[in-house]
Amino acid sequence: MIKADLHTHTIFSKDSLSHVEDVLAAAMKRGMGAIAITDHDGIEGAIEAQNIARKRRLPLQVIVGEEVRTDDGDLLAYFVKERIAPGKLSDVLAEVKKQKAVCSAAHPYDTVRHGIDLQGLAPGVLGKIGAVEVLNARVMEASQNARAMGFALKNRKALLAGSDAHHPSEVGAAYVEFYGVSALGAHSLLHAQRKIGGKRSPPSVRFYSRYAVLRKKLAKLFQP
Ligand SMILES: [Zn+2]
């Protein structure tokens, strides 16, 4: 069995101050065997994390991911080889396929945070999204996760989950336990047997990301 938090952010995201090393330490402390770093529109933090984990032979698999902003909402991509540029959903999906990566609709019913309206997608487009994030620890309402779960089950999408941590203390709040595998790949991420675990983080965690955005804006203003 391998336990994985599939949605985390680092200082390479505009709304997080989490250092890569602290995210890795938090993941191991909470018993994760794998973690996907999914910074907004970039993979620098994920690559750095993967390099650190490999160099130090950490008992933690780092999946290079990205939370890509598309015109239809946020898409999580996993096993990304090169940064995927934000843009039209169809273009982003084509790039995911080209890189042999897999993707998941991030917090689909959280419209305030740019969830993709899965119900409104054409079947051909929906068919290219292999998974749905059915437990995101940062959604505003529990019902948004419940609806995502309902949609995923009805449409036979793989179930995924993640903390959406913007601070190390949130890492591992939501996770997936994968059975019958000791490491994850693009195929097992979609097809291995799994159980979703964890719960929503308290609303106060949003302070971390707001504070991070503010601090980064101020830092820019006062740059020499
Ligand atoms: Zn996120």
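The figures that follow rest on heavy atoms only: side chains count, while hydrogens, waters and symmetry mates do not. Order of listing sets the numbers, starting from 1, for every ligand and every atom in it.
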**Message:** If you count every heavy atom of other residues, nucleotides or ligands that lies below 6.0 Å from Arg54 atom CZ, does the total exceed 12?
**Reply:**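 No, because the 6.0 Å sphere around CZ of Arg54 holds 12 heavy atoms or fewer from other groups.
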**Item:** Enclosure of Lys128 NZ (heavy-atom neighbours >12, cutoff 6.0 Å)
**Value:**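 Result for NZ/Lys128: open.
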What N/O/S atom of [X] gets nearest to the Zn ion (ligand 1)?
X	value
Glu67	OE1
Asp164	OD1
His9	NE2

**Request:** Kindly state each residue pair satisfying ring-ring contact (aromatic ring centres under 6.0 Å, His included) with at least one member in residues 50-83, sequence neighbours excluded.
**Result:** none
**Prompt:** Near the Zn ion (ligand 1), is there an N/O/S atom from His7 that is less than 2.8 Å away?
**Reply:**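 Coordinating: yes.
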**Request:** Under 4.5 Å between side-chain heavy atoms, chaining through other members, with only Ile, Leu, Val, Met, Phe, Trp and Tyr counted: pull out the rest of the cluster around Val213, sorted by chain and number.
**Result:**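 Members alongside Val213: none; it stands by itself.
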